[in-house]
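The next block holds one structure in the form of C-alpha cells; read it before the comments.
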Amino acid sequence: MRPFLAAAALAVLALLAWWWARGADPARAAHADREGSGEPAAVAPAGPDEADSGPEPAPEAARMASAQLAEHTIRVIDEAGAAIAGAWVEVRRSERDEITARAVTDGLGRATVALARDDEIFAGASGFMTGRIRSARRRGIAEVVLERGYRIAGAVVDGGGRGIAGAALTLEEPFLPARSATSGPDGRFAFDGVSDEKMSLRANAGGYLESWIIVAPGDTEVCAVLGKLVHVQVTGVVLFPDGLPAAGARIDACVAGADGRFTLGDVRPGPYPLVASLEAGGRAWRALSVIEVAEDGMHDPIRLVLEPVPRSWVNVRVVERDGAPVSGVTVGPLNAVTDAEGRAVLAFDVPRGKETLVWVGRPRHDGLLPGRAEVVTGARDGPEILLPPRDPLLVTIVVRGPDGAALPPGVAAFVRAYGNTVVRRERDMAVVAVDPAAVEFSLTVDAPGFVQKFARLPPPADGHVEIRLHGSGTITCRLADEHGAAVLDGAVHALVRGVGAAGAEESEPDGTYRLAGVPVGRALVTAGHDDDLSLVQTEADVRAGEVTDLGTLVLRSPRTLSGRVTDANGHPVGGAEAYAIEGDYEKRVFSRSDGTFRIEVPPWFDGFVLATKPGHGSVHRRASSGPLELVLQQEGKVRLEVRMPPFDGRTRGWSFAARDPSTGFRWSRVEWQRIEKGTTYLVSGLPPGRLILICAIEPKDAETDVVVVPGGTVPAVIDAPE
C-alpha cells in the first residue's frame, strides 16, 4: 500500500510543478497551446516599457482603417441644375450622429470632404431647404439638389406682449440638423429655406421659462410667449375626510410627511394642477385641485382632502369541468387567490358596467391549462370560470414538404405552439398539449430551405394535423447606379403574393445582394435606395433549392410630381396633405403657403395624387408629367344601414372604403361611426359624385352604389353576404 501512496504523491507533485511552470511563463504556455492547435504563437511584450506604451496597430488594421475614409467631391445645385456657391456641407457619422467634416462650396457649387461608407451628407443655403444624401450612393461627384423653401417669421414676447431681445430660438425639422437664430431688439426673428414638414420651435431667454411650440406646414407667422422665471414654493397639507393627516401621500415629485404636509419648489406661474394619491386601508385615495400660482409667490397653504376612489367588487368562482372547486389559483386583476371553495373577490378601478377580461393562472405542476372569462364590473356576482380538464388533448403535428412529400434527409422542422405546451419533438413531428374545449390554437413551423408557416387551427377530433411547408429558393443581383457604379447601401426585397417575402440590406464589395428564403413562385423584386427613391422593379421565377441570378439592376432616377392646391374660388390652400398613391405605395407632403407642392416618387409610379384638408374637402387626379391643378371639393356623408344575416358565430371585421368607378381610385381613409344601436353607421370624408361604397365584413366584402352630395348626407343600404 505504501509504494502506491508514494507513487501517487510523486504524480501530484509533478502535476503541480508543471502547472506552476505554465503560470510562471505565459508566453511559453501560449506557445505550447498554439503548437497543439496549429495556430501561430502570440508574442509576449519584451519589457515593461513596451507594455506601458501599448501595442502598435498591425499594418493590415491600419491600412483598413485608412481605407474607410476617402475624399469625395460634393456638388450643390438648385432644382434647375444651377450651382449654388457659398452653401454649407456637413458630414455626419450615422451610427454616432456626430459631425465629422464641414465645408463651403466654391463658385462651381463644389466642396471636397472625407467620407466613410455609411456617412450622411447634409447641405443647405440661404433661401433653400436642407438636403440630404448618403455618401455611398454613387462614386465620383455626388450632387445634392436643394429645393426653394419658404420663410417662417415671428416674435418672442413676454406675458405683456413686449418683445424680448436676444432670445435663442431652435428650429427642429424631421431628419435634419437643428437650426438656430436669435431674436432682434424688437423680439423678431426669421428662418429662411424651411421645409414643408411639421416641426418644433423652442425659444429660450435669460430670466424666462422655455417655450416650445409646434409649427404646422404652411405656417409663416408664429409667436412664442415666454413666462417670467420665478422661484415659487407651494406648501400645503393632505388630509383624510375625517381630518387626520395622510402621511405618505404623493404629490407630484414629493411625499407628504407624518403630519400630511408637503412643499413644492420652483413651480411655474399660472394654472397648476395638484394631484395627491395614496393607497391605505386596502383602498385607493385621491385628491385633485387646480391652483393659480402668482409670479410674486404663493403664501396661502393648500388643503387637499382625499376621497376614496370608486371601486367595483365582483365575486367569481373557479371550478373544473365536473364542478369541483379549484383553490390556490390567482385570478386577475390584482392577483386575487381562490379559497377552498374556489371563490375570489376581484376589485376594479374602472367605470361601472365595463366588460373586463379576467385571466386565471395556476402553478405549472398541477397540469391545468390557462383559463379566462368576461366579467361585468358592476355586477356583484360574477361568472363561474370553467377550467379545461387536467388531461389535455394531445395533438400530433406532422410536417411535410410541398405536395405532401417528406422533408429532405437531414432537414428537421421546429414547431412552436403559442399558449400551449410542446410535449415531444422529432425531426418531422411534434406533439402539442391543447385544451379540447378551445376554439383554436396557434403554432409556427420553421425548417431550413422552407418558408416559415404560421397556422391557426381548431383542435382536431382525431388528434392529428398535417402541416405542409412552402419551398424556398435564393435570389442574387447586383445594384448599380446610372453611371455603372456599385450601390453598397441599398436594399432588395422579393415578394410572392399570398405566401411571403424576403429581403437583404447587406451587399458584397461589388454591390451584389443575396436574398435567401424567398418563397417558390413568381416573385416581385424591388431594389433601390430609400433616401433618394431611386428604385427598380422586376419579376423572377424562384425554384426550390436553386439560385436565381438577376444580373445587374440599374437604379433609375425618381420622378417629381408638382402641382397646386386651391379651393373652389381659386384661392391657394396651404398646409393641405398631398398623397401619391399606387397600390401599397404611399408618399405624403404638405402644400406650401402658395398652395404648391412637390412629391418625389419612384420611376415606375403611375398612380394618383390625392389632396385633402379638414374643412376644405378633397380631390384626386391621376399623376401626369405636367403640373397638377387640384381644386378641393366639399365632402359629403352617407347614412349607411348594413342588413346582417343571422349570426353564425364567425368573427366579423368591420371597415369601410369607397371606389371611384370611373378611375378605379380607392379611398381607404373614410371615417365612420355607429350612430344607432345596431348596424347603422355614418360614413364621412367622401368626395361628391357617384361612388361605390364598400363594407368589409368577414369573410367577404359587400358593395353598393351611392351619389354623394357636397355637404349633405344621403341614405344607403348594404346587404351583408350570407
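Here the structure is a predicted model, which means the values were calculated and not measured.
No hydrogens or angles considered: nothing links the side chains of Ser618 and Gln633 as a donor-acceptor pair under 3.5 Å.
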**OP:** Evaluate the salt bridge (Lys or Arg N to Asp or Glu O under 4.0 Å) criterion for residues Glu173 and Arg179: first the C-alpha distance (whole Å), next the side-chain angles of each, then the deciding distance (0.1 Å), finally the verdict.
**Re:** CA-CA 8 Å; Glu173 303 175 73; Arg179 293 198 278 172; 3.1 Å; yes
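Taking 4.0 Å as the cut-off between side-chain N and carboxylate O, Glu600 and Arg598 do not count as a salt-bridged pair. A salt bridge does not link Glu143 with Arg110: every distance from a Lys NZ or Arg NE/NH1/NH2 to an Asp or Glu carboxylate oxygen is 4.0 Å or more. The existence of a salt bridge linking Lys613 and Glu577 is excluded, since no basic side-chain nitrogen approaches an acidic carboxylate oxygen closer than 4.0 Å. With salt bridges taken as basic N to acidic carboxylate O contacts below 4.0 Å, one links Arg202 and Glu172. Ion pairing between a basic and an acidic side chain is recognised when a charged N comes within 4.0 Å of a carboxylate O; Arg92 and Glu120 show no such pairing.
For CZ of Arg559, the number of neighbouring non-hydrogen atoms (other residues, nucleotides, ligands) closer than 6.0 Å is greater than 12. No more than 12 heavy atoms of other residues, nucleotides or ligands shown are found within 6.0 angstrom of CZ on Arg497. Applying the 6.0 Å contact sphere to CZ of Arg522 captures more than 12 heavy atoms from other residues, nucleotides or ligands. Residue Arg564 qualifies as enclosed at atom CZ: its count of foreign heavy atoms under 6.0 Å is above 12.
Taking all atoms of both residues into account, the shortest heavy-atom contact from Leu226 to Asn204 is CD1-C, 4.4 Å. Pairing each heavy atom of Glu539 with each of Leu524, the nearest pair is CG-CD1, 4.2 Å. Across Ile77 and Ala83, no two heavy atoms sit closer than the pair CG2-CA, 4.2 Å.
For the side-chain contact (heavy atoms from CB on, under 4.5 Å) criterion with Val225, the lone passing option out of Val157, Asp158, Val156 is Val157.
A cation-pi geometry, defined here as NZ or CZ lying under 6.0 Å from the six-membered ring centre and within 45° of its normal, holds between Arg622 and Phe608.
With hydrogens and angles ignored, the 3.5 Å screen pairs a side-chain donor or acceptor of Thr105 with a backbone N or O of Ile84.
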